Every structure is written in structure tokens, then in C-alpha cells.
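Just so it is clear, the model here is predicted, and its values are computed rather than measured. FYI, side chains are in, hydrogens and waters are out, and symmetry mates aren't considered; it's all heavy atoms of this structure.
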Amino acid sequence: MSRTDSAAAPELDFGADGLVPVVAQDSDSREILMLAYASPEAVERTRETGLAHYYSRSREELWQKGATSGHVQNVTEVRVDCDGDALLYLVEQEGGACHTGHRSCFYRTLDGEHVGDRVFDPDDVYE
């Protein structure tokens, strides 16, 4: 069996800042929903609960996606890239993924064209 066929769990590289980037992708539509970062604790909480957990760099704390809004991400699978320094969460998204009220955080083109759907009013959800 070659090294790339090994069933051993891959080692994650959390880098100098102790975080690994995570792309959240809808498990059915394959739409990219957001990019966030995870600490080792966030990854472990995701595995334990089946709900997406991340590390907020701005607030410097662990957070569960949807804990405030109710728009949780049920994680169906976690994939690791070839270098072990990035993760892909395949999720079932409840509500919108973006704090701006959009289904995806990627709702604008580089030219500023609005291409995404707003699925909730953030003023109604966040105080």
C-alpha cells in the first residue's frame, strides 16, 4: 500500500498562529458558503458535536456557527487537503451562512456586482 493510500488519520498543520483555514461548502449544491479558521479545539468540537465550530480571530474565541443566529451548519464530512494545512467542511446549512444575511459570504464579484441571495435580515437576528 502506498503512503497516499494509508488509512491513518492525517496530521493537521495549524501553522504559526495555531489556526487552519476552513472552507464551508454545501454538501448538496456544492456552493461555497464561507471561509473561516479553526483551532485544534474548534476541530475537536466539530467532530464531537457534528456542528461547525470555528475560531474567531477578531474576538479571539471559539464559536459555534449559528449559536446566535440559529443558522447552524450540520457537518456531514470533514476533508483535509494534501498538505494538512486546510480543511473543507461539507455542511447542511440552516438559513444563511453570512452575517450580512446572504446564503453565502461570496455574494459579490470583484467588480462589485451583487450575485448572491439575501435569506435573512441581519438587523432582525443580531443586536
Side-chain angles (χ1 to χ4, degrees):
M1 181 181 290
S2 74
R3 184 170 182 215
T4 57
D5 294 334
S6 173
E11 187 173 325
L12 297 180
D13 179 359
F14 288 92
D17 61 359
L19 302 174
V20 62
V22 180
V23 174
Q25 182 179 34
D26 186 282
S27 59
D28 289 328
S29 72
R30 299 302 193 201
E31 177 182 20
I32 301 298
L33 300 173
M34 58 182 272
L35 169 72
Y37 294 85
S39 63
E41 182 182 7
V43 173
E44 188 56 35
R45 292 295 308 263
T46 298
R47 291 182 70 156
E48 290 172 356
T49 66
L51 298 172
H53 285 75
Y54 301 101
Y55 184 84
S56 171
R57 296 179 303 163
S58 60
R59 295 187 313 266
E60 298 183 347
E61 65 183 15
L62 179 75
W63 61 283
Q64 177 195 310
K65 177 68 178 155
T68 302
S69 67
H71 300 167
V72 298
Q73 293 175 339
N74 295 295
V75 179
T76 60
E77 187 176 353
V78 177
R79 295 185 184 178
V80 181
D81 83 330
C82 58
D83 295 321
D85 62 359
L87 297 175
L88 173 66
Y89 285 1
L90 295 172
V91 304
E92 294 171 347
Q93 176 69 50
E94 295 183 20
C98 187
H99 70 279
T100 65
H102 292 84
R103 169 126 175 99
S104 168
C105 292
F106 297 95
Y107 62 90
R108 300 175 289 185
T109 68
L110 192 56
D111 294 326
E113 181 183 357
H114 192 115
V115 295
D117 295 327
R118 185 172 244 176
V119 295
F120 71 94
D121 184 345
D123 291 334
D124 293 340
V125 174
Y126 306 108
E127 296 179 24

(message) Within this structure, what is the CD-CE distance for the pair Gln73 and Met34, rounded to the nearest 0.5 Å?
(response) 5.0 Å
(request) Run the salt-bridge test on Asp17 and Arg57 with the 4.0 Å N-O cut-off and return the result as yes or no. (result) no
(request) Without swapping roles, check the side chain of Tyr55 against the backbone of Glu60 for a donor-acceptor pair under 3.5 Å. (result) yes
(request) Answer with yes or no whether the hydrophobic clustering places Val119 together with Tyr126; edges join I, L, V, M, F, W, Y residues whose side-chain heavy atoms lie under 4.5 Å apart. (result) yes
(request) Flag yes if Val91 and Val72 sit in one hydrophobic cluster, no otherwise; membership is Ile, Leu, Val, Met, Phe, Trp, Tyr, and two members link when side-chain heavy atoms are under 4.5 Å apart. (result) no
(request) May I ask you to decide if Leu90's main-chain N or O and Thr76's side chain share a donor-acceptor pair within less than 3.5 Å? (result) yes
(message) Would the distance check show the side chain of Ser104 and the main-chain N or O of Ile32 forming a donor-acceptor pair, the cut-off being under 3.5 Å?
(response) yes
Check residues 80-89 and write down every donor-acceptor pair under 3.5 Å in which the side-chain atom is one partner and the other belongs to a residue at least two apart or another chain.
residue : atom : partner : partner atom : Å
Asp81   : OD1  : Asp83   : N            : 3.4
Asp81   : OD1  : Gly84   : N            : 2.9
Asp81   : OD1  : Asp85   : N            : 2.9
Asp81   : OD1  : Ala86   : N            : 3.2
Tyr89   : OH   : Thr46   : OG1          : 3.2

(message) Treating Gln25 as the side-chain partner and Arg30 as the backbone partner, does any N or O pair qualify as donor plus acceptor under 3.5 Å?
(response) yes
(request) Quick one: pull up NE2 in His99 and OG in Ser69 and give me the separation to the nearest 0.5 Å. (result) 11.5 Å
(request) Output the rest of the hydrophobic cluster of Leu62: all Ile, Leu, Val, Met, Phe, Trp and Tyr residues reachable through side-chain heavy-atom contacts under 4.5 Å, sorted by chain and number. (result) none
(request) Keeping the roles fixed (side chain from Glu41, backbone from Glu44), state whether a donor-acceptor pair exists under 3.5 Å. (result) no
(request) Kindly assign one of parallel, tilted or perpendicular to the pair His102 and Tyr107, based on the angle between their ring planes and the thresholds 30° and 60°. (result) parallel
